[in-house]
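Computed from a predicted model, the values in this text were never measured in an experiment.
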Amino acid sequence: MACPKLLLSCLLLQLMFFFLVPEVAQGHGLKVGFYQKACPNAEAIVKEVIGQVLSIDPSLSGPILRLHFHDCFVRGCEGSVLLESPTYQSEKYAIRKLGLRGYQEIDRVKTALEKACPGIVSCADILALVTREIVVATGGLFYDVETGRRDGYVSILEEALRDLIPPSTNITTLKADFAKRGLSAKDLVVLSGGHTIGNSHCAAFSNRLYNFTGKGDADPTLDSNYIARLKLSCKPNDQTTLIEMDPGSARTFDIKYFDLILKRRGLFTSDAALLDDKQTKAYLDFQIKTGGSTFFKDFGVSMVKMGRVGVLTKTAGEVRKVCTKVN
């Protein structure tokens with residue numbers, strides 16, 4: 001904005017412009033207990049509904065946990081992952097999200113909150129609160145969740161395909177993609193620990209078994225005995241079979257997946273890549289040696305940081321009445 005004359009007037013105009021721009025920021029406007037007055041039982045309602053959900057289908061813990069991750073990495077934590085599209089062009093239809101479930105359960109939480117406090121709690125905040133309850137219900141530590149997010153209006157399939165980090169990503173790209181969202185190498189390895197619960201489709205890692213370099217070979221960084229085991233379940237071009245990411249412990253929030261990575265048995269290239277960086281490998285080594293002495297607390301800290309990415313607050317966005325569609 002060029003103003004060779006009337007400098008004071010120009011500065012005033014710039015200030016007016018700044019304050020009129022809706023807030024889209026790294027956590028500004030969020031706080032713990034945001035709904036304390038407007039909907040004091042909000043967090044208790046979320047806990048109750050998620051407890052009911054997991055008592056019926058505990059296998060939903062992994063997919064629901066990943067909803068918040070996928071939401072925050074595309075457009076920020078503003079609920080765009082939940083939006084429906086009559087032409088199947090919203091984020092939830094992106095190829096990399098085929099394994100996500102739990103949308104109906106999020107709707108169930110929203111319905112309960114709308115009954116108690118109509119038009120108050122955003123779908124973006126529901127995702128953040130639900131994630132915390134999943135972590136606690138599966139054995140992780142409680143952590144305070146900042147709330148105050150508002151919901152976005154837009155969800156685009158192509159953006160999800162572009163912005164989500166694929167499981168084939170190397171350490172250089174992983175660190176760069178996390179850094180541009182304000183997340184550190186430590187956050188990268190800590191949040192990767194979320195793979196301790198849930199399953200993956202064979203398609204997400206089958207290239208490591210059958211065609212790693214395009215020559216019909218296997219990934220040499222993946223344990224050969226584990227490759228043989230995985231091939232028993234995952235045949236070439238298998239798009240449907242589910243494999244536990246943390247075999248025998250896939251419904252328990254623990255550090256066993258870190259142990260698998262160190263034994264070269266992490267399912268994804270992005271997990272194996274954590275061994276290629278001194279800082280991330282040192283974190284893995286430390287957690288295994290100390291029985292996860294800091295991981296559970298660290299996970300909550302990193303989740304709070306991730307939950308600040310690209311949030312809409314104050315007058316930006318809206319509070320959806322139904323999470324699958326804009327008001």
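- Residues Met306 and Leu141 share a hydrophobic cluster, clusters being chains of Ile/Leu/Val/Met/Phe/Trp/Tyr side chains in contact below 4.5 Å.
- A salt bridge links Arg265 to Asp223: one of the charged nitrogens lies within less than 4.0 Å of a carboxylate oxygen.
- Using a 4.5 Å heavy-atom cutoff, the side chains of Ile243 and Leu267 are in contact.
- With hydrogens and angles disregarded, no donor-acceptor distance shorter than 3.5 Å links the side chain of Lys305 to the backbone of Val301.
- By the neighbour-count criterion of 12 heavy atoms within 6.0 Å, atom CG of Asn237 is sparsely surrounded, having that number or fewer from other residues, nucleotides or ligands.
- Between Asp277 and Lys281 there is no salt bridge, since no side-chain N of the basic residue sits under 4.0 Å from a carboxylate O of the acidic one.
- Under the side-chain contact (heavy atoms from CB on, under 4.5 Å) test applied with Leu67, the options Ile134, Leu127, Val130 reduce to a single match, Leu127.
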**Message:** One pair to check against side chain to side chain donor-acceptor pair (under 3.5 Å): Asp177 and Thr173. What are the steps and the verdict?
**Reply:** CA-CA 6 Å; Asp177 281 353; Thr173 303; over 6 Å; no
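- In the hydrophobic clustering of ILVMFWY residues, with side-chain heavy atoms under 4.5 Å counting as a link, Ile165 and Ile261 come out together.
- Across Gly310 and Glu78, no two heavy atoms sit closer than the pair O-CG, 4.4 Å.
- No more than 12 heavy-atom neighbours from other residues, nucleotides or ligands sit within 6.0 angstrom of NZ on Lys321.
- In this structure, Lys186 is not positioned above the aromatic face of Tyr283 in the sense of NZ or CZ being under 6.0 Å from the six-membered ring centre and within 45° of the axis.
- Counting only heavy atoms from C-beta outward, the side chains of Thr269 and Thr169 never approach each other to under 4.5 Å.
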**Message:** Under the criterion side chain to side chain donor-acceptor pair (under 3.5 Å), I'd like the reasoning laid out for Asp246 against His195: C-alpha separation, chi angles, the key distance, then a yes or no.
**Reply:** CA-CA 7 Å; Asp246 189 355; His195 290 162; over 6 Å; no
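- Ion pairing between a basic and an acidic side chain is recognised when a charged N comes within 4.0 Å of a carboxylate O; Lys263 and Asp259 show such pairing.
- No donor-acceptor contact under 3.5 angstrom links the side chains of Thr87 and Gln89, judged on distance only.
- Atom-to-atom distance recorded for Ser90:OG and Tyr93:OH is 5.5 Å, nearest 0.5 angstrom.
- Checked by atom type and distance alone, the side chain of Arg150 pairs as donor or acceptor with a backbone atom of Lys314 at under 3.5 Å.
- The side-chain heavy atoms of Leu83 and Thr324, taken from C-beta on, include no pair separated by under 4.5 Å.
- Atoms CZ and NZ, from Arg320 and Lys325 in turn, are 12.0 Å apart once rounded to the nearest 0.5 Å.
- Look at Lys92 and Glu84 and you find a salt bridge, because one of the NZ, NE, NH1 or NH2 atoms lies within 4.0 Å of a carboxylate O, short of that distance.
- No side-chain heavy atom of Ile288 sits under 4.5 Å from any side-chain heavy atom of Leu284.
- Within a 6.0 Å radius of CD in Glu158, more than 12 heavy atoms belonging to other residues, nucleotides or ligands are found.
- With values rounded to the nearest 0.5 angstrom, Tyr257 atom OH is found 15.5 Å from Thr252 atom OG1.
- What you find for Leu100 and Pro63 is that their closest heavy atoms are CD2-O, 3.9 Å.
- Taking the ring centroids of Phe253 and Phe295, they lie under the 6.0 Å cut-off.
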**Request:** Assess whether side chain to side chain contact (heavy atoms under 4.5 Å, CB included) is satisfied between Asn170 and Asp276, documenting all intermediate values.
**Result:** CA-CA 9 Å; Asn170 62 37; Asp276 298 331; over 6 Å; no
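- Nearest heavy-atom pair, Tyr153 versus Gly317, reported as atom, atom and distance to 0.1 Å: OH-O, 3.0 Å.
- Residues Phe299 and Tyr143 place their aromatic rings such that the two centres sit no closer than 6.0 Å.
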**Message:** Is there a side chain to side chain contact (heavy atoms under 4.5 Å, CB included) between Met303 and Thr131? Walk through the geometry before answering.
**Reply:** CA-CA 9 Å; Met303 286 298 295; Thr131 300; 3.3 Å; yes
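- If you chain together hydrophobic residues whose side chains sit under 4.5 Å apart, Val81 and Leu191 fall into the same group.
- Closest of all the heavy-atom pairs between Leu222 and Gly266 is CD1-O, 3.6 Å.
- Closest heavy-atom contact between Phe268 and Ala204: CE2-CB, 3.9 Å.
- Rounding to the nearest 0.5 Å gives a distance of 11.0 Å between CG of Leu242 and OG of Ser233.
- Contact record, Leu188 with Ser192: O-OG, 2.7 Å, taken as the closest heavy-atom pair.
- Arg308 and Glu146 are joined by a salt bridge, as a carboxylate oxygen and a charged side-chain nitrogen come within less than 4.0 angstrom of each other.
- Between the side chain of Asp151 and the backbone N or O of Gly79 there is no donor-acceptor pair closer than 3.5 Å.
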**Prompt:** Under the side chain to side chain contact (heavy atoms under 4.5 Å, CB included) criterion, do Val326 and Glu318 qualify, and how do the steps go?
**Reply:** CA-CA 8 Å; Val326 298; Glu318 65 177 1; 3.4 Å; yes
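- In the hydrophobic clustering of ILVMFWY residues, with side-chain heavy atoms under 4.5 Å counting as a link, Phe296 and Val136 come out apart.
- Salt-bridge check for Glu43 with Lys47: failed, with every basic side-chain N at 4.0 Å or more from each acidic carboxylate O.
- Under the 4.5 Å side-chain criterion, counting only non-hydrogen atoms from C-beta, Thr241 is in contact with Asp238.
- To the nearest 0.5 Å, the span separating OG1 on Thr196 from CE on Met245 amounts to 8.5 Å.
- With no hydrogens or angles considered, no side-chain donor-acceptor pair links Arg75 and Ser155 at under 3.5 Å.
- Within the 4.5 Å cutoff, side-chain heavy atoms of Leu65 are placed close to those of Val135.
- Proximity of a side-chain donor or acceptor of Arg264 to a complementary backbone N or O of Pro220 within less than 3.5 Å is detected.
- In this structure the side chain of Ser122 reaches within 4.5 angstrom of the side chain of Tyr35, judged on heavy atoms.
- Residues Leu82 and Asp71 have side chains not in contact (no heavy-atom distance under 4.5 Å, counting atoms from C-beta outward).
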**Message:** As a quick check of understanding, evaluate side chain to side chain donor-acceptor pair (under 3.5 Å) for Arg101 and Ser59, giving each step before the final call.
**Reply:** CA-CA 10 Å; Arg101 296 186 294 143; Ser59 71; 3.2 Å; yes
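- The ring of Phe178 has its center closer than 6.0 angstrom to the ring center of Phe73.
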**Message:** Test side chain to side chain contact (heavy atoms under 4.5 Å, CB included) on Thr294 and Gln287; report intermediate values, then the result.
**Reply:** CA-CA 7 Å; Thr294 67; Gln287 297 307 324; 2.7 Å; yes
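- The side-chain contact (heavy atoms from CB on, under 4.5 Å) with Arg149 is formed by just one residue from the set Asp125, Val319, Leu312; it is Asp125.
- Not a single donor-acceptor pair under 3.5 Å links the side chain of Tyr210 to the backbone N or O of Asp217.
- One finds the CD atom of Gln279 at 6.5 Å from the NZ atom of Lys175 (value rounded to the nearest 0.5 Å).
- Linking ILVMFWY residues whenever their side-chain heavy atoms come closer than 4.5 Å, directly or via other members, places Tyr103 and Val109 in the same cluster.
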